[in-house]
Amino acid sequence: GASILSSNTGMAYIVPSNSLVGADASLTVNAGTVIKPGGIDCWYLNGGNIRVAGILTVSGTLTNPVIFTSTRDDAYAGDTNNDGSASPAAGDWGAIQIDATGTANIEHALIRYGGGCWGNTLRNESGALTMTGTTVEYGKGPGIAQNGGTLSVISSTFAHNDTGIALGTSIGAPTLDHVVFSANKTGLFVTGNYTPVLTQCSFVGNTDYGLNNNTLNLVNAVNSWWGSDTGPRHATNPTGTGDTVSDGVIFTPFLSAAP
């Protein structure tokens, strides 16, 4: 059946671990809703995940996003678990996992402190994931781990994660349009069978790599912003002072300012 979660001012929804949107079900989360997944249980298959086998629609707005965060994050809906000033941390809850029969459309959300148990905040297991205007931050492991299916990310930011997006297998080229990778260890890690289609993405302040291509295919990252008008750090660009880029990446021409 169809379920809807709507904003409840000053209060959060505590979603149990191992929650499931079934294959014959849908869940719509309206603007301003705060969701704090409960404690994770890693002993069970997919422990700590919000699994999507049906349809998940997250309908935030620019000024009133949907929040997914830790129960220890008092910045949204207050001290939900009455633990005083305890600080949230990466891995406080599990992940949003899209199964092979699942579809997730996420628009204008803030997703924080995920990655418990399985080390990713969103995990696409052969489903369909579309994300627009969303920030994924302070996660353990990748913000998105792509392991099959389709992926489209538009005007979104990945910050302070171990890896912003890790692209494994897909059934087509993932689309990354005006995506910002900031202050991760690695911004974008490519290992899969399809290289992404990049449109004016930004790689700024990622400590290991802005973009690391671990395939035999070339990744076309022209017209990207590397955090410096000199372009990325690479042996073929000796004056570059921006984020480091691996071999196997076409990065010239590059942008001289953020798009």
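One is the number of the first residue; the rest follow in order along the sequence.
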Problem set entry | Sub-4.5 Å side-chain heavy-atom contact between L176 and I165 | yes

Problem set entry | Cationic N near anionic O, under 4.0 Å, D92 to R72 | yes

For this session: Could you pull out the closest heavy-atom pair between G248 and N213, with the gap in Å?
Result: O-ND2, 2.8 Å

For this session: Locate the shortest heavy-atom distance separating A221 from L211; write the atom from each residue and the value.
Result: CB-CD1, 4.0 Å

For this session: May I ask whether V58 and V15 are part of the same hydrophobic cluster, defined by side-chain heavy atoms of I, L, V, M, F, W, Y residues being less than 4.5 angstrom apart, directly or through others?
Result: yes

Exercise. Measuring from N193:CG to T215:OG1, what's the distance to the nearest 0.5 Å?
Worked result: 9.5 Å

Exercise. Cut-off 3.5 Å, side chains only: do E107 and N105 have a donor facing an acceptor?
Worked result: no

Problem set entry | Residue pair S3 / T28, side-chain heavy-atom distance below 4.5 Å | no

Exercise. Linking I/L/V/M/F/W/Y whenever any side-chain heavy atoms sit under 4.5 Å apart, do M131 and V21 land together?
Worked result: yes

Exercise. Is it true that the side chains of H234 and D247 contain a donor and an acceptor less than 3.5 Å apart?
Worked result: yes

For this session: Working to the nearest 0.5 Å, report the span between CD1 of I55 and OG1 of T103.
Result: 6.0 Å

Exercise. When you check the side-chain N and O atoms of T230 and S228, is any donor under 3.5 Å from an acceptor?
Worked result: yes

Exercise. Where is the tightest heavy-atom contact between T169 and N147, given as atom of each residue plus distance?
Worked result: OG1-C, 3.5 Å

For this session: Begin with the C-alpha distance, continue with both residues' side-chain angles, and end with the deciding distance and a verdict on side-chain contact (heavy atoms from CB on, under 4.5 Å) for W225 and C201.
Result: CA-CA 6 Å; W225 166 240; C201 292; over 6 Å; no

Exercise. Do S256 and D229 have a side chain donor and acceptor closer than 3.5 Å?
Worked result: no

For this session: Give a yes-or-no answer on whether the side chains of E137 and H160 include a donor-acceptor pair shorter than 3.5 Å.
Result: no

Exercise. P259 versus S202: any side-chain heavy-atom pair under 4.5 Å?
Worked result: yes

Exercise. Transitively linked via ILVMFWY side-chain contacts under 4.5 Å: V219 with V179?
Worked result: yes

For this session: Verify the cluster assignment for V66 and I106: are they in a single hydrophobic cluster under the rule of side-chain heavy atoms below 4.5 Å apart?
Result: yes

Exercise. Do N237 and F251 come within less than 4.5 Å of each other through their side chains, counting heavy atoms only?
Worked result: yes

Exercise. Centres of the W226 and F254 rings: under 6.0 Å?
Worked result: no

For this session: Quick one: do T195 and N220 satisfy side-chain contact (heavy atoms from CB on, under 4.5 Å)? Show the steps, please.
Result: CA-CA 8 Å; T195 58; N220 187 343; over 6 Å; no

Exercise. Should I111 and L122 be marked as a side-chain contact (heavy atoms from CB on, under 4.5 Å) after you check the CA-CA gap, both sets of side-chain angles, and the distance that decides it?
Worked result: CA-CA 9 Å; I111 306 174; L122 293 103; 4.1 Å; yes

For this session: Could you tell me whether the side chains of T80 and K36 share a donor-acceptor contact shorter than 3.5 Å?
Result: yes

Exercise. In Å and rounded to the nearest 0.5 Å, what is the CG to CZ distance from N206 to F181?
Worked result: 8.5 Å

Problem set entry | Given T163, N120, L129, the one that forms side chain to side chain contact (heavy atoms under 4.5 Å, CB included) with I144 | L129

For this session: Would you please test I96 and T121 for side-chain contact (heavy atoms from CB on, under 4.5 Å) and show each step?
Result: CA-CA 6 Å; I96 299 170; T121 300; over 6 Å; no

For this session: Assess the side chains of Q146 and S170: does a donor N or O sit below 3.5 Å from an acceptor N or O?
Result: yes

Problem set entry | Flag, side chain of D162 to backbone of G141, donor-acceptor distance under 3.5 Å | yes

Problem set entry | Non-hydrogen atoms of N161 and N184 that approach each other most closely | N-OD1, 2.9 Å

Seminar exercise, completed: CG of L151 to CG of L167, rounded to nearest 0.5 Å, is 6.5 Å

For this session: Identify the two heavy atoms, one from G168 and one from T191, that lie closest to each other, and give their separation to 0.1 Å.
Result: CA-OG1, 3.7 Å

Exercise. Thinking salt bridges, do R112 and D73 make one under a 4.0 Å N-O criterion?
Worked result: yes

Problem set entry | Pairwise distance NE2(H108) to OG(S59) - rounded to 0.5 angstrom | 10.5 Å

Problem set entry | Within-4.5 Å side-chain heavy-atom neighbours: H178 and I154 | no

Problem set entry | Beyond-backbone contact of Y13 with V29, side-chain heavy atoms, under 4.5 angstrom | no

Exercise. Could you state the interatomic distance from CZ (F68) to OG1 (T33), rounded to the nearest 0.5 Å?
Worked result: 8.5 Å

Exercise. Less than 4.5 Å apart, any side-chain heavy atom of D243 and any of R233?
Worked result: no

For this session: State, with a plain yes or no, whether a side-chain heavy atom of D177 is found less than 4.5 Å away from one of V153.
Result: no

Exercise. In terms of hydrophobic clusters joined by side-chain contacts under 4.5 Å, are F158 and V249 together?
Worked result: yes

